[in-house]
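Numbers restart at 1 for each chain; the letters A, B, ... are given by sequence-line order, proteins then strands.
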There are 2 protein chains.
Amino acid sequence: MPLKMRRNLSPKPPEPCMLTECMQVIAGAWAPNVIWSLRAGRRRFSELKADIPPVSSKVLSARLSELEERGVLSRHVRPTSPPSVEYELTELGQELIPALEAIVQVGHKLKLMRAHELDSEAAE
Amino acid sequence: MPLKMRRNLSPKPPEPCMLTECMQVIAGAWAPNVIWSLRAGRRRFSELKADIPPVSSKVLSARLSELEERGVLSRHVRPTSPPSVEYELTELGQELIPALEAIVQVGHKLKLMRAHELDSEAAE
DNA sequence: CAGGATCCACACAGATACTG
DNA sequence: CAGTATCTGTGTGGATCCTG
């Protein structure tokens, strides 16, 4: 499930829209899901991977790096015998949660609307 | 500026994450920008194209169709001599505005943080 | 366990040209 | 003006394999 989980960057030019630039923060496949999974608190790499089954290690790793670099989340390495790394949203990262929640809400409502429309059609 | 303005779909599989599904609503290159441009009210095709310079007619058209189909915006054709079409956010579409604003805010803050960090480094 | 390296496919945006 | 059709390039994610 990736073919369309692309980012929202802009390679070369004038970048007239600030929004585009800001959208980069959550750009990249699965990035929103990562943030979503971290809502409740810090999680380990494997936990995140389990939360988002279809994501591959490579991509998850890449996304985590980007999000860390962008200041959305922080990485904590714990010196245990089997390596253990935890990720956590930064304060700024937490500000993204309401945004994602709003999107989910709208998505939900639209879904309900569609279901309702289908019902109406079926009734005829 | 498009190479990375891809959508956030998911082609085939199990789709375990509701978020992913909801994100589709604003999926596709420039989709957020379109919604952003329509914040203030209805706009015509050419106005939208002017608002978002780097977008091509083809892509803008595609995005508008998708957003309409998804119930985020509505299309009004006006029977004038030169064809004139206006687009407008639906009620649900308007609910996405706060979400985008939140993202922009975070993007902004992160930008400021970065600038600050660079200053600190430069000072040394 | 956490994640880096490779190789590959393909969906998507761009450019251009055309229509009513 | 508002779009559509076609062709092409490319970034990005998936799968797999491998390591400390």
Is A/H108 atom NE2 crowded by more than 12 heavy atoms from other residues, nucleotides or ligands, each under 6.0 Å away?
no

Measure from CZ on B/R63 to P on C/dA11 and round the result to the nearest Å.
15 Å

Rounding to an integer number of Å, can you tell me how far A/L48 CG sits from C/dG3 P?
10 Å

Write out a two-atom table: protein N or O, nucleotide N or O from nucleotides 2-5 of chain D, distance below 3.5 Å.
from, atom 1, to, atom 2, distance (Å)
D/dA2, OP1, B/R44, NE, 3.0
D/dA2, OP1, B/R44, NH2, 3.0
D/dA2, OP2, B/S46, N, 2.9
D/dA2, OP2, B/S46, OG, 2.7
D/dG3, OP1, B/R75, NH1, 2.2
D/dG3, OP1, B/Y87, OH, 3.3
D/dG3, OP2, B/Y87, OH, 2.5
D/dT4, OP2, B/S61, OG, 2.4

Are any of the side-chain nitrogens in B/R44 or B/E86 under 4.0 Å away from the carboxylate oxygens of its partner?
no

Let me know the distance between CH2 of A/W30 and P of C/dG3, rounded to the nearest Å.
19 Å

When the distance from NE2 of A/H76 to C1' of C/dC1 is rounded to whole Å, what number comes out?
18 Å

When A/R78, A/H76, A/R75 are each screened for side chain to side chain contact (heavy atoms under 4.5 Å, CB included) with A/V85, the one that passes is A/R75

Salt bridge (charged side-chain N to carboxylate O under 4.0 Å, His left out) between B/E95 and A/K109, worked out:
CA-CA 10 Å; B/E95 293 186 36; A/K109 290 193 186 174; 3.1 Å; yes

Just the rounded figure in Å: distance from P of C/dC1 to CZ of A/R43.
14 Å

d(NZ, A/K49; P, D/dT16) in whole Å:
11 Å

Atom-to-atom span, CD of B/Q24 to C1' of C/dA11 - whole angstrom
14 Å

Taking NZ, NE, NH1 and NH2 as the nitrogens, is one of them in B/R114 or B/E117 under 4.0 Å from a carboxylate oxygen of the other?
no

Just how far, in rounded Å, is C1' of D/dG14 from CD1 of A/I52?
15 Å

Closest approach of A/V34 and A/L48, non-hydrogen atoms and distance?
O-CD2, 4.5 Å

